[in-house]
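Notes to accompany the following structure.
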Amino acid sequence: MELPTQTCASAPFDHAKADVILRSADGVEFRVFMLFLSLASPFFETLFGLPQASDGTSDQEMKDGIAVIAVSEDSKTLDLFLRFCYPSTLAEDPCLDNLTEVLSVLAAARKYSLDLIERKVCQALANPKVLETEPLRSFAIARNARLKHETITAARHNLRQPLIPALFAEIDLITASDFLALLTYHKKCAIAVKALMKDFTWMTNHYGNIDSCIWLFNRPRYNQYCCGQGTDTRFLPWNTAPLAWWTTYMQEVYELLQDSPSGDTVRTAADRTIQKVRSATCAACSGRVKEGMTEFSNLLALKVEEAVAPIELEMDF
């Protein structure tokens, strides 16, 4: 088997006064200081504290008078890992936005007993930017690592996505039972949310009376008629037909929540409705739709989040 070509790592892992060399699986040599690694990791503290043969009979590989230790991590993982070990004045903590890197660094952190790095990785998995764009991948990585809080958080964020997801690379990290538990959780949340669309007490209690929600209805006593009335009997707050565009919004949200039971689903659909109404020819509705729909969608989104909050992800950790 051909050995990888040996090259030197970039700064700060190329210091001439380093006292040990870590060689990655792909042949990159990291010239590092034992003190930094020993302070960061009990594993390295023990390793570097082992007695060395004094008669020169050791088979320890040496280079430039210092020991060379081969490790199984590739150079990219090792670089990220070592930057966490070094003082911030010499190497800033790396940004773990790439979930593929998160998985490899977490494995290294556990292998070398670095609790601090494991906590940093947990923070990366809970990063809102990552959760908003990659909740399913975050779930798979967190579940594989048996990180309870991060797994549950990722499952909650995944409610913004369709029930049946597209294929993703990290699916091999979880078992069929794990995936079934996630789908079951998602479905239970959808069922809990569906009840909100059958009983509008939460809405009438919030507004108090129909006069507090005048943006939603035609007002014949003021001779104000616009945009037509909705005819769907499922959506009749105060047993009164609302404006047609609100009924259309509710019909859309009703369907979307069955697949993506999240407050974010409600607000996104409301933004689309606001744009549609404003682009129509009704001066009355276009002038008041934003304020009315923003308050209403925030209320409905809150109720959606309250409905799913008690639902538990049934999974052992």
Side-chain angles (χ1 to χ4, degrees), residues 40 73-86 88 91-112 114-175 177-187 189-190 256-257 259-269 271 301-302 304-305 308-309 311-317:
E73 289 72 29
D74 62 27
S75 56
K76 191 169 186 178
T77 300
L78 193 57
D79 184 273
L80 290 168
F81 168 78
L82 291 173
R83 288 183 187 277
F84 280 115
C85 297
Y86 263 49
S88 58
E92 292 185 3
D93 286 353
C95 182
L96 294 175
D97 288 338
N98 187 317
L99 287 180
T100 303
E101 294 173 354
V102 166
L103 186 62
S104 59
V105 172
L106 178 60
R110 289 182 164 179
K111 174 181 175 180
Y112 297 114
L114 274 98
D115 293 340
L116 175 61
I117 297 181
E118 186 168 342
R119 290 196 295 272
K120 291 282 188 180
V121 171
C122 291
Q123 292 173 6
L125 286 173
N127 184 332
K129 184 172 72 172
V130 173
L131 288 171
E132 286 172 9
T133 57
E134 305 281 5
L136 198 53
R137 295 182 65 204
S138 296
F139 170 84
I141 293 172
R143 174 55 182 165
N144 179 267
R146 294 300 187 267
L147 300 172
K148 182 176 181 179
H149 173 73
E150 288 73 20
T151 300
I152 294 173
T153 301
R156 181 61 54 83
H157 275 75
N158 196 57
L159 295 176
R160 304 177 183 185
Q161 307 299 319
L163 174 62
I164 305 300
L167 185 65
F168 60 104
E170 288 78 8
I171 194 170
D172 291 336
L173 296 177
I174 57 176
T175 66
S177 295
D178 293 334
F179 193 49
L180 180 60
L182 179 64
L183 295 181
T184 300
Y185 167 74
H186 202 113
K187 189 63 178 178
C189 288
L256 290 173
L257 287 173
D259 205 29
S260 305
S262 164
D264 189 63
T265 301
V266 172
R267 295 188 184 95
T268 301
D271 289 339
L302 174 63
V304 167
E305 298 300 337
V308 303
I311 309 300
E312 294 185 359
L313 177 66
E314 296 181 0
M315 188 175 283
D316 293 328
F317 290 91

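As the structure is a prediction and not an experimental result, all values here were calculated from the model.
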| Should the heavy atoms of other residues, nucleotides or ligands under 6.0 Å from NZ of Lys111 be counted, would the total exceed 12? | yes
| field | Expected output: side-chain Ser260 to main-chain Gln161 donor-acceptor under 3.5 Å | value | yes
| message | Taking Ala145's backbone N and O only, do any of them form a donor-acceptor pair with Arg110's side chain (distance below 3.5 Å, no angle check)? | response | yes
| task | Give a yes or no on whether the backbone of Asp259 and the side-chain of His186 come within a donor-acceptor separation of less than 3.5 Å. | result | yes
| query | Can you find a heavy atom in the side chain of Leu257 that is under 4.5 Å from one in the side chain of Val266? | reply | yes
| message | For Phe317, does the six-membered ring have the charged nitrogen or CZ of Arg143 within the cation-pi criterion, i.e. under 6.0 angstrom from the centroid and within 45° of the normal? | response | yes
| Counterpart residues, ring-ring contact (aromatic ring centres under 6.0 Å, His included), relative to Tyr112 (two or more places apart) | Phe43, Phe44, Phe81
| task | Answer yes or no: is there a donor N or O on one side and an acceptor on the other, between the side chain of Asp178 and the main chain of Thr175, under 3.5 Å? | result | yes
| Which pair of heavy atoms, one from Ala109 and one from Ile117, lies closest together, and at what distance? | CB-CG2, 3.6 Å
| Nearest heavy-atom pair of Ala154 and Pro135: which atoms, and what distance? | CB-O, 3.6 Å
| query | Are any non-hydrogen side-chain atoms of Phe139 and Pro165 less than 4.5 angstrom apart? | reply | no
| request: With the side chain counted from C-beta on, respond yes when Ile311 and Tyr185 share a heavy-atom pair under 4.5 Å apart, and no when they do not. | output: yes
| note | When rounded to the nearest 0.5 Å, the distance separating CD of Glu73 from CG of Leu80 is 11.5 Å
| field | Approximate separation, where rounding is to 0.5 Å, of Leu103 CG and Leu173 CG | value | 5.5 Å
| request: List the atom of Pro261, the atom of Val308, and the distance in Å for their closest heavy-atom pair. | output: O-CG1, 4.0 Å
| Tell me, do Thr153 and Leu125 make a side-chain contact under 4.5 Å, heavy atoms counted? | no
| message | Are the side chains of Leu182 and Leu136 in contact, using a 4.5 Å heavy-atom criterion? | response | yes
| message | Between Thr77 and Asp74, do the side chains contain a donor N or O and an acceptor N or O under 3.5 Å apart? | response | yes
| Mind checking whether Leu147 and Glu118 have side chains closer than 4.5 Å, heavy atoms only? | yes
| Looking at residues at least two apart in the chain, or sitting in another chain, which of them share a side-chain contact (heavy atoms from CB on, under 4.5 Å) with Leu256? | Glu252, Thr265, Ala269, Arg272
| Ion pair check, Asp115 and Arg119, cut-off under 4.0 Å | no
